[in-house]
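Okay, so here's the structure we're looking at.
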Amino acid sequence: MLNREKSCQAFDRATGVIPGGVNSPARAFGAVGGSPLFIERGERQYLYDIDGNRLIDYIGSWGPHILGHCHPEVTAAIEAALSCGTSFGAPTERESELAELIADAVPSIEKVRMVNSGTEATMSAIRLARGHTGRNVVVKFAGCYHGHVDSLLVEAGSGALTHGVPSSPGVPEGCTADTLSLRYNDAEQLADTFAKRGDEIAAVILEPVVGNMGCVPPQPGFLEACRELCTKHGALLIFDEVMTGFRVAYGGAQARYSVTPDLTTLGKIVGGGLPVGAYGGRADVMDSISPVGPVYQAGTLSGNPLATASGIATLKTLKATDPYEQLEATTTRLIEGLSDAATSAGLPHQTAQVGSMFTLFFNEEPVTNYDISARNDTERFATYFQGMLERGVYLPCSQFEANFVSVCHTDEDIDATITAAREVLTSIAR
Ligand SMILES: *Cc1c(COP(=O)(O)O)cnc(C)c1O
(Lines give C-alpha, C1' and ligand atoms only; values in the text may rest on other atoms or scores of the structure.)
Protein backbone atom coordinates (compact mmCIF):
# COMPACT_ATOMS: atom_id res chain seq x y z
CA MET A 1 0.00 0.00 0.00
CA LEU A 2 1.21 3.47 -0.90
CA ASN A 3 1.52 5.52 2.28
CA ARG A 4 -0.40 8.77 1.75
CA GLU A 5 -0.59 10.09 5.29
CA LYS A 6 1.48 13.26 4.87
CA SER A 7 -0.01 14.01 1.44
CA CYS A 8 -3.52 13.79 2.91
CA GLN A 9 -2.57 16.20 5.69
CA ALA A 10 -0.92 18.56 3.19
CA PHE A 11 -4.05 18.48 1.03
CA ASP A 12 -6.28 19.35 4.00
CA ARG A 13 -4.05 22.32 4.72
CA ALA A 14 -4.02 23.39 1.06
CA THR A 15 -7.80 23.26 0.64
CA GLY A 16 -8.13 25.79 3.48
CA VAL A 17 -6.29 28.49 1.56
CA ILE A 18 -6.15 27.44 -2.11
CA PRO A 19 -9.33 26.75 -4.12
CA GLY A 20 -9.56 22.98 -4.38
CA GLY A 21 -6.09 22.74 -2.84
CA VAL A 22 -4.42 23.13 -6.23
CA ASN A 23 -3.14 25.95 -8.42
CA SER A 24 -4.29 24.25 -11.62
CA PRO A 25 -7.35 21.99 -11.86
CA ALA A 26 -5.44 19.34 -13.86
CA ARG A 27 -3.65 18.43 -10.61
CA ALA A 28 -6.82 17.67 -8.67
CA PHE A 29 -7.92 14.05 -8.54
CA GLY A 30 -11.57 14.90 -9.24
CA ALA A 31 -11.85 12.52 -12.20
CA VAL A 32 -10.20 9.58 -10.44
CA GLY A 33 -11.13 10.07 -6.77
CA GLY A 34 -8.95 10.54 -3.70
CA SER A 35 -6.54 13.39 -3.06
CA PRO A 36 -3.33 14.28 -4.91
CA LEU A 37 0.15 13.31 -3.80
CA PHE A 38 2.35 16.19 -2.67
CA ILE A 39 5.76 16.12 -4.28
CA GLU A 40 9.00 16.78 -2.48
CA ARG A 41 11.41 16.46 -5.37
CA GLY A 42 11.97 15.07 -8.84
CA GLU A 43 15.05 13.24 -10.02
CA ARG A 44 15.43 12.04 -13.60
CA GLN A 45 12.33 9.92 -14.39
CA TYR A 46 11.16 9.71 -10.78
CA LEU A 47 9.06 11.79 -8.43
CA TYR A 48 9.44 11.47 -4.65
CA ASP A 49 6.41 12.49 -2.60
CA ILE A 50 6.43 13.82 0.96
CA ASP A 51 5.60 10.34 2.33
CA GLY A 52 8.80 9.04 0.75
CA ASN A 53 7.17 7.08 -2.10
CA ARG A 54 9.12 6.84 -5.36
CA LEU A 55 6.97 7.06 -8.49
CA ILE A 56 7.79 6.49 -12.16
CA ASP A 57 6.66 9.77 -13.71
CA TYR A 58 4.72 9.76 -17.00
CA ILE A 59 3.61 13.39 -16.70
CA GLY A 60 6.91 15.25 -16.66
CA SER A 61 5.14 18.38 -15.34
CA TRP A 62 2.54 17.87 -18.13
CA GLY A 63 5.16 17.94 -20.86
CA PRO A 64 8.20 20.12 -20.15
CA HIS A 65 10.53 17.47 -18.68
CA ILE A 66 11.51 15.58 -21.82
CA LEU A 67 15.05 15.47 -20.33
CA GLY A 68 13.80 14.25 -16.94
CA HIS A 69 13.84 16.16 -13.66
CA CYS A 70 16.94 18.09 -12.59
CA HIS A 71 18.92 17.53 -15.78
CA PRO A 72 22.46 18.58 -14.79
CA GLU A 73 22.97 20.99 -17.73
CA VAL A 74 19.63 22.68 -17.19
CA THR A 75 20.16 23.00 -13.44
CA ALA A 76 23.65 24.41 -13.97
CA ALA A 77 22.37 26.97 -16.49
CA ILE A 78 19.65 28.16 -14.13
CA GLU A 79 22.14 28.42 -11.24
CA ALA A 80 24.59 30.41 -13.36
CA ALA A 81 21.83 32.82 -14.42
CA LEU A 82 20.52 33.12 -10.87
CA SER A 83 23.82 34.42 -9.56
CA CYS A 84 23.55 37.38 -11.99
CA GLY A 85 20.06 38.45 -10.95
CA THR A 86 16.51 37.27 -11.60
CA SER A 87 14.99 40.01 -13.76
CA PHE A 88 16.03 43.34 -15.23
CA GLY A 89 13.18 44.64 -17.37
CA ALA A 90 15.78 45.36 -20.06
CA PRO A 91 17.08 43.21 -22.93
CA THR A 92 19.60 40.40 -22.41
CA GLU A 93 21.61 38.49 -25.00
CA ARG A 94 20.11 35.23 -23.81
CA GLU A 95 16.76 36.27 -25.31
CA SER A 96 18.30 36.43 -28.80
CA GLU A 97 20.11 33.14 -28.25
CA LEU A 98 16.87 31.37 -27.36
CA ALA A 99 15.01 33.08 -30.23
CA GLU A 100 17.72 31.90 -32.68
CA LEU A 101 17.53 28.34 -31.34
CA ILE A 102 13.75 28.36 -31.77
CA ALA A 103 13.86 29.91 -35.26
CA ASP A 104 16.50 27.38 -36.35
CA ALA A 105 14.40 24.47 -35.10
CA VAL A 106 10.82 25.35 -36.01
CA PRO A 107 10.22 25.61 -39.78
CA SER A 108 7.52 28.33 -39.66
CA ILE A 109 9.32 30.64 -37.24
CA GLU A 110 11.37 33.58 -38.55
CA LYS A 111 10.75 35.84 -35.56
CA VAL A 112 9.55 34.95 -32.08
CA ARG A 113 8.27 36.76 -28.99
CA MET A 114 8.70 35.25 -25.50
CA VAL A 115 5.85 35.29 -22.99
CA ASN A 116 5.27 33.53 -19.65
CA SER A 117 2.83 30.71 -20.36
CA GLY A 118 1.18 28.77 -23.16
CA THR A 119 -2.06 30.60 -22.46
CA GLU A 120 -0.38 33.94 -23.02
CA ALA A 121 1.14 32.63 -26.25
CA THR A 122 -2.20 31.54 -27.76
CA MET A 123 -3.99 34.67 -26.52
CA SER A 124 -1.35 36.86 -28.16
CA ALA A 125 -1.25 34.84 -31.37
CA ILE A 126 -5.03 35.19 -31.75
CA ARG A 127 -4.85 38.94 -31.19
CA LEU A 128 -2.02 39.20 -33.70
CA ALA A 129 -3.90 37.14 -36.29
CA ARG A 130 -6.97 39.33 -35.91
CA GLY A 131 -4.95 42.55 -35.97
CA HIS A 132 -2.87 41.47 -38.95
CA THR A 133 -5.78 40.26 -41.11
CA GLY A 134 -8.35 42.83 -39.95
CA ARG A 135 -10.83 39.96 -39.49
CA ASN A 136 -12.49 38.68 -36.30
CA VAL A 137 -13.56 35.05 -36.66
CA VAL A 138 -11.36 32.33 -35.21
CA VAL A 139 -11.88 28.64 -35.97
CA LYS A 140 -10.90 26.06 -33.36
CA PHE A 141 -11.64 22.35 -32.97
CA ALA A 142 -13.58 20.66 -30.18
CA GLY A 143 -11.27 18.86 -27.79
CA CYS A 144 -8.26 21.07 -28.54
CA TYR A 145 -7.15 23.04 -25.50
CA HIS A 146 -5.37 26.33 -26.06
CA GLY A 147 -5.03 27.52 -22.47
CA HIS A 148 -7.70 29.43 -20.57
CA VAL A 149 -8.04 32.30 -23.06
CA ASP A 150 -11.62 33.67 -22.93
CA SER A 151 -12.25 33.50 -26.66
CA LEU A 152 -10.91 29.94 -26.91
CA LEU A 153 -12.90 28.43 -24.01
CA VAL A 154 -15.53 27.07 -26.34
CA GLU A 155 -16.91 23.55 -26.69
CA ALA A 156 -18.57 22.30 -29.82
CA GLY A 157 -22.34 22.21 -29.59
CA SER A 158 -25.20 22.03 -32.00
CA GLY A 159 -25.21 25.83 -32.22
CA ALA A 160 -21.44 26.08 -32.46
CA LEU A 161 -21.32 26.73 -36.18
CA THR A 162 -23.23 29.96 -35.83
CA HIS A 163 -22.41 31.04 -32.27
CA GLY A 164 -19.58 29.96 -30.02
CA VAL A 165 -20.96 28.93 -26.62
CA PRO A 166 -18.61 29.69 -23.71
CA SER A 167 -17.73 26.62 -21.64
CA SER A 168 -17.04 28.55 -18.43
CA PRO A 169 -19.11 30.99 -16.40
CA GLY A 170 -17.39 34.35 -16.46
CA VAL A 171 -16.80 34.25 -20.19
CA PRO A 172 -19.43 36.58 -21.72
CA GLU A 173 -20.97 35.39 -24.95
CA GLY A 174 -19.49 38.47 -26.56
CA CYS A 175 -16.02 36.99 -26.02
CA THR A 176 -16.80 33.81 -27.90
CA ALA A 177 -19.30 35.03 -30.49
CA ASP A 178 -16.52 35.11 -33.09
CA THR A 179 -15.18 31.65 -32.22
CA LEU A 180 -16.31 28.68 -34.32
CA SER A 181 -15.73 25.22 -32.90
CA LEU A 182 -15.52 22.42 -35.48
CA ARG A 183 -14.84 18.67 -35.46
CA TYR A 184 -11.16 17.67 -35.37
CA ASN A 185 -10.01 15.62 -38.36
CA ASP A 186 -13.04 16.74 -40.40
CA ALA A 187 -11.60 18.57 -43.41
CA GLU A 188 -14.98 18.63 -45.13
CA GLN A 189 -16.65 20.58 -42.32
CA LEU A 190 -13.75 23.05 -42.38
CA ALA A 191 -14.10 23.46 -46.16
CA ASP A 192 -17.86 24.09 -45.79
CA THR A 193 -17.20 26.68 -43.10
CA PHE A 194 -14.67 28.48 -45.30
CA ALA A 195 -17.11 28.35 -48.22
CA LYS A 196 -19.71 30.17 -46.11
CA ARG A 197 -17.59 32.58 -44.05
CA GLY A 198 -14.11 32.50 -45.57
CA ASP A 199 -13.71 36.28 -45.82
CA GLU A 200 -14.43 36.73 -42.09
CA ILE A 201 -11.97 34.13 -40.81
CA ALA A 202 -8.77 35.55 -39.30
CA ALA A 203 -7.25 32.26 -38.23
CA VAL A 204 -7.61 28.54 -37.76
CA ILE A 205 -5.93 27.37 -34.54
CA LEU A 206 -5.32 23.73 -33.73
CA GLU A 207 -3.12 21.27 -31.91
CA PRO A 208 -1.40 19.55 -34.88
CA VAL A 209 -1.32 16.44 -32.69
CA VAL A 210 -3.95 16.75 -29.99
CA GLY A 211 -2.81 16.06 -26.45
CA ASN A 212 -5.78 17.44 -24.59
CA MET A 213 -8.46 14.84 -25.40
CA GLY A 214 -5.88 12.14 -24.91
CA CYS A 215 -3.32 11.75 -27.69
CA VAL A 216 -5.17 12.10 -31.01
CA PRO A 217 -3.01 12.25 -34.15
CA PRO A 218 -4.11 14.14 -37.26
CA GLN A 219 -5.51 11.85 -39.93
CA PRO A 220 -3.63 11.81 -43.24
CA GLY A 221 -4.47 14.95 -45.21
CA PHE A 222 -6.11 16.89 -42.36
CA LEU A 223 -3.21 19.27 -41.64
CA GLU A 224 -2.66 19.72 -45.38
CA ALA A 225 -6.33 20.62 -45.83
CA CYS A 226 -6.11 23.20 -43.02
CA ARG A 227 -3.06 24.71 -44.75
CA GLU A 228 -4.67 24.83 -48.19
CA LEU A 229 -7.95 26.34 -47.02
CA CYS A 230 -6.23 29.03 -44.96
CA THR A 231 -3.99 29.99 -47.88
CA LYS A 232 -6.90 30.06 -50.31
CA HIS A 233 -9.04 32.29 -48.10
CA GLY A 234 -6.33 34.58 -46.70
CA ALA A 235 -6.63 33.27 -43.13
CA LEU A 236 -3.64 32.52 -40.91
CA LEU A 237 -2.96 28.96 -39.84
CA ILE A 238 -1.84 28.72 -36.19
CA PHE A 239 -0.32 25.53 -34.87
CA ASP A 240 -0.57 25.40 -31.11
CA GLU A 241 2.61 23.45 -30.42
CA VAL A 242 2.75 24.26 -26.71
CA MET A 243 2.72 20.51 -26.10
CA THR A 244 4.11 19.10 -29.37
CA GLY A 245 6.95 21.59 -29.88
CA PHE A 246 10.32 19.89 -29.30
CA ARG A 247 8.28 16.80 -28.24
CA VAL A 248 7.08 14.93 -31.35
CA ALA A 249 10.24 16.08 -33.21
CA TYR A 250 12.86 18.74 -32.50
CA GLY A 251 11.06 21.00 -34.98
CA GLY A 252 7.63 20.05 -33.61
CA ALA A 253 4.66 18.54 -35.41
CA GLN A 254 5.17 20.90 -38.37
CA ALA A 255 8.57 19.29 -38.99
CA ARG A 256 7.22 15.78 -38.42
CA TYR A 257 4.28 16.22 -40.83
CA SER A 258 5.89 18.75 -43.20
CA VAL A 259 3.04 21.24 -42.99
CA THR A 260 4.07 24.83 -42.29
CA PRO A 261 1.69 27.14 -40.40
CA ASP A 262 1.88 30.95 -40.44
CA LEU A 263 2.13 31.23 -36.65
CA THR A 264 3.22 28.78 -33.97
CA THR A 265 2.68 28.87 -30.23
CA LEU A 266 5.15 27.19 -27.87
CA GLY A 267 5.47 26.57 -24.14
CA LYS A 268 6.28 23.63 -21.88
CA ILE A 269 9.59 22.15 -23.22
CA VAL A 270 10.79 25.53 -24.50
CA GLY A 271 11.03 26.66 -20.85
CA GLY A 272 12.67 23.48 -19.59
CA GLY A 273 10.39 23.49 -16.52
CA LEU A 274 10.24 27.25 -15.87
CA PRO A 275 7.14 29.32 -16.69
CA VAL A 276 7.52 30.16 -20.39
CA GLY A 277 5.54 30.55 -23.56
CA ALA A 278 6.44 31.87 -27.00
CA TYR A 279 4.75 32.70 -30.27
CA GLY A 280 6.41 33.16 -33.59
CA GLY A 281 6.04 32.88 -37.32
CA ARG A 282 6.45 34.74 -40.59
CA ALA A 283 8.48 37.90 -40.09
CA ASP A 284 5.90 40.09 -41.88
CA VAL A 285 3.15 38.86 -39.55
CA MET A 286 5.28 39.09 -36.38
CA ASP A 287 6.25 42.66 -37.30
CA SER A 288 2.62 43.65 -36.77
CA ILE A 289 3.35 43.43 -33.01
CA SER A 290 4.24 46.42 -30.89
CA PRO A 291 6.69 48.21 -30.89
CA VAL A 292 7.13 47.68 -34.68
CA GLY A 293 3.45 47.35 -35.52
CA PRO A 294 0.14 48.37 -34.01
CA VAL A 295 -0.91 45.11 -32.26
CA TYR A 296 -0.21 45.56 -28.55
CA GLN A 297 1.40 42.83 -26.43
CA ALA A 298 3.76 43.18 -23.47
CA GLY A 299 5.12 41.41 -20.37
CA THR A 300 7.05 42.60 -17.28
CA LEU A 301 8.85 39.27 -16.84
CA SER A 302 8.85 38.11 -20.49
CA GLY A 303 12.20 36.73 -21.63
CA ASN A 304 13.12 36.26 -17.97
CA PRO A 305 16.82 35.43 -17.36
CA LEU A 306 16.20 32.18 -15.47
CA ALA A 307 13.53 31.00 -17.88
CA THR A 308 15.61 31.74 -20.98
CA ALA A 309 18.67 30.05 -19.42
CA SER A 310 16.58 26.96 -18.71
CA GLY A 311 15.09 26.99 -22.22
CA ILE A 312 18.46 27.44 -23.94
CA ALA A 313 20.06 24.58 -21.97
CA THR A 314 17.10 22.32 -22.74
CA LEU A 315 17.05 23.03 -26.47
CA LYS A 316 20.83 22.80 -26.81
CA THR A 317 20.84 19.44 -25.04
CA LEU A 318 18.04 18.14 -27.27
CA LYS A 319 19.82 19.40 -30.37
CA ALA A 320 23.18 17.88 -29.38
CA THR A 321 21.83 14.51 -28.23
CA ASP A 322 18.98 14.08 -30.75
CA PRO A 323 17.06 11.63 -28.53
CA TYR A 324 13.91 11.46 -30.66
CA GLU A 325 14.35 8.03 -32.24
CA GLN A 326 15.24 6.51 -28.90
CA LEU A 327 12.29 8.22 -27.19
CA GLU A 328 9.91 6.92 -29.83
CA ALA A 329 11.26 3.36 -29.60
CA THR A 330 10.94 3.35 -25.79
CA THR A 331 7.41 4.71 -26.02
CA THR A 332 6.41 2.17 -28.68
CA ARG A 333 7.65 -0.66 -26.46
CA LEU A 334 5.63 0.71 -23.56
CA ILE A 335 2.37 1.25 -25.45
CA GLU A 336 2.62 -2.19 -27.10
CA GLY A 337 3.08 -3.73 -23.66
CA LEU A 338 0.10 -1.85 -22.25
CA SER A 339 -2.01 -2.83 -25.23
CA ASP A 340 -1.02 -6.51 -24.84
CA ALA A 341 -1.93 -6.33 -21.16
CA ALA A 342 -5.37 -4.92 -21.97
CA THR A 343 -5.90 -7.52 -24.73
CA SER A 344 -4.93 -10.39 -22.38
CA ALA A 345 -7.40 -9.05 -19.84
CA GLY A 346 -10.08 -8.89 -22.55
CA LEU A 347 -10.66 -5.16 -22.10
CA PRO A 348 -11.71 -3.05 -25.12
CA HIS A 349 -9.11 -0.35 -25.66
CA GLN A 350 -7.34 1.85 -28.21
CA THR A 351 -3.79 3.09 -28.27
CA ALA A 352 -2.41 6.30 -29.74
CA GLN A 353 1.21 7.36 -29.96
CA VAL A 354 3.15 10.11 -31.67
CA GLY A 355 6.82 10.16 -30.70
CA SER A 356 6.97 10.15 -26.91
CA MET A 357 3.31 11.20 -26.39
CA PHE A 358 0.80 8.40 -25.88
CA THR A 359 -2.61 7.43 -24.50
CA LEU A 360 -4.24 4.11 -23.63
CA PHE A 361 -7.94 4.76 -24.22
CA PHE A 362 -10.65 2.59 -22.70
CA ASN A 363 -12.85 2.95 -25.75
CA GLU A 364 -14.49 0.58 -28.25
CA GLU A 365 -13.52 2.61 -31.33
CA PRO A 366 -10.45 4.48 -32.56
CA VAL A 367 -10.38 7.98 -31.08
CA THR A 368 -10.17 10.56 -33.86
CA ASN A 369 -12.23 13.43 -32.45
CA TYR A 370 -13.84 14.77 -29.29
CA ASP A 371 -17.24 13.09 -29.79
CA ILE A 372 -15.52 9.71 -29.74
CA SER A 373 -13.12 10.59 -26.93
CA ALA A 374 -16.11 11.69 -24.82
CA ARG A 375 -17.25 8.03 -24.89
CA ASN A 376 -14.09 6.79 -23.11
CA ASP A 377 -14.85 4.57 -20.11
CA THR A 378 -13.68 7.05 -17.48
CA GLU A 379 -14.73 4.83 -14.55
CA ARG A 380 -12.51 2.04 -15.82
CA PHE A 381 -9.74 4.58 -16.31
CA ALA A 382 -10.09 5.75 -12.68
CA THR A 383 -9.66 2.16 -11.42
CA TYR A 384 -6.66 1.69 -13.71
CA PHE A 385 -5.12 4.98 -12.57
CA GLN A 386 -5.47 4.13 -8.85
CA GLY A 387 -4.09 0.62 -9.35
CA MET A 388 -1.07 1.99 -11.20
CA LEU A 389 -0.48 4.63 -8.54
CA GLU A 390 -0.56 1.95 -5.81
CA ARG A 391 2.21 0.21 -7.77
CA GLY A 392 4.35 3.34 -8.01
CA VAL A 393 3.39 4.48 -11.52
CA TYR A 394 2.35 8.12 -11.75
CA LEU A 395 0.01 8.61 -14.74
CA PRO A 396 -1.99 11.74 -15.64
CA CYS A 397 -5.09 11.74 -13.42
CA SER A 398 -7.49 11.97 -16.37
CA GLN A 399 -8.28 9.79 -19.37
CA PHE A 400 -8.24 12.98 -21.49
CA GLU A 401 -4.56 13.79 -20.97
CA ALA A 402 -1.55 12.61 -22.94
CA ASN A 403 1.22 10.63 -21.20
CA PHE A 404 4.89 11.49 -21.72
CA VAL A 405 8.10 9.49 -21.74
CA SER A 406 11.44 11.17 -20.98
CA VAL A 407 14.95 10.33 -22.11
CA CYS A 408 15.60 8.99 -18.58
CA HIS A 409 13.01 6.18 -18.67
CA THR A 410 14.90 2.86 -18.78
CA ASP A 411 13.91 -0.58 -20.03
CA GLU A 412 13.44 -1.57 -16.37
CA ASP A 413 10.97 1.30 -15.85
CA ILE A 414 9.04 0.23 -18.93
CA ASP A 415 9.00 -3.41 -17.82
CA ALA A 416 7.87 -2.43 -14.31
CA THR A 417 5.10 -0.29 -15.80
CA ILE A 418 3.88 -3.08 -18.09
CA THR A 419 3.95 -5.58 -15.20
CA ALA A 420 1.90 -3.19 -13.05
CA ALA A 421 -0.58 -2.72 -15.92
CA ARG A 422 -0.97 -6.51 -16.32
CA GLU A 423 -1.87 -6.89 -12.66
CA VAL A 424 -4.25 -3.94 -12.63
CA LEU A 425 -6.03 -4.71 -15.91
CA THR A 426 -6.41 -8.40 -15.04
CA SER A 427 -7.99 -7.49 -11.70
CA ILE A 428 -10.33 -5.02 -13.47
CA ALA A 429 -11.48 -7.73 -15.89
CA ARG A 430 -12.24 -10.18 -13.06
C1 LIG B 1 -0.60 23.32 -21.88
C2 LIG B 1 -1.18 23.86 -23.13
C3 LIG B 1 -1.54 25.20 -23.25
C4 LIG B 1 -1.52 26.16 -22.09
O5 LIG B 1 -0.25 26.39 -21.59
P6 LIG B 1 -0.11 26.99 -20.10
O7 LIG B 1 1.35 27.20 -19.93
O8 LIG B 1 -0.71 25.95 -19.18
O9 LIG B 1 -0.89 28.26 -20.06
C10 LIG B 1 -1.94 25.66 -24.49
N11 LIG B 1 -2.02 24.84 -25.55
C12 LIG B 1 -1.69 23.53 -25.45
C13 LIG B 1 -1.76 22.68 -26.67
C14 LIG B 1 -1.27 23.00 -24.25
O15 LIG B 1 -0.99 21.69 -24.16
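Owing to the predicted nature of the structure, the values given are computational and were not obtained by experimental measurement. We're numbering straight along the sequence, starting at 1.
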(request) Flag the pair Phe404 / Ile66 as yes when at least one side-chain heavy-atom distance between them is below 4.5 Å, and no otherwise. (result) no

(message) Quick one, Cys144 and Asp240 - any side-chain contact, counting heavy atoms below 4.5 Å?
(response) no

In terms of side-chain heavy atoms, does [X] have a donor or acceptor partner in [Y] at a distance below 3.5 Å?
X      : Y      : result
Gln353 : Thr332 : yes
Thr351 : Ser339 : no
Arg197 : Thr193 : no
Ser108 : Arg282 : no
Ser288 : His132 : yes
Arg113 : Gln297 : yes
Gln254 : Thr264 : yes
Glu228 : Thr231 : no

(request) Can you run down the ring-ring contact (aromatic ring centres under 6.0 Å, His included) pairs that involve residues 54-84, sequence neighbours left out, and say none if there aren't any? (result) Tyr58-His409, His65-His69

(request) Test Tyr394 against every option in Asp57, Asn53, Ile56 by the side chain to side chain contact (heavy atoms under 4.5 Å, CB included) rule and name the one that passes. (result) Asp57

(request) State which residue, out of Val139, Leu182, Asn185, Leu237, fulfils the side chain to side chain contact (heavy atoms under 4.5 Å, CB included) condition with Leu206. (result) Leu237

Heavy-atom neighbours of [X] [atom1] exceed 12 at 6.0 Å:
X      : atom1 : value
Glu365 : CD    : yes
Glu224 : CD    : yes
Tyr296 : OH    : no
Arg375 : CZ    : yes

(request) Please check if the side chain of Ser87 supplies one atom and the backbone of Leu301 the other of a donor-acceptor pair under 3.5 Å. (result) no

(request) Report yes or no: does Thr410 contribute a side-chain atom to a donor-acceptor pair with the main-chain N or O of Asp413 at less than 3.5 Å? (result) yes

(message) According to salt bridge (Lys or Arg N to Asp or Glu O under 4.0 Å), does anything in residues 37-50 pair up with another residue at least two apart or in another chain? List the pairs.
(response) Arg41-Glu43

(message) Can you tell me how the ring of Phe400 sits relative to the ring of Tyr370, calling it parallel under 30°, perpendicular over 60° and tilted otherwise?
(response) tilted

(message) With a 4.0 Å cut-off on N to O distance, would you call Asp284 and Lys111 a salt bridge?
(response) no

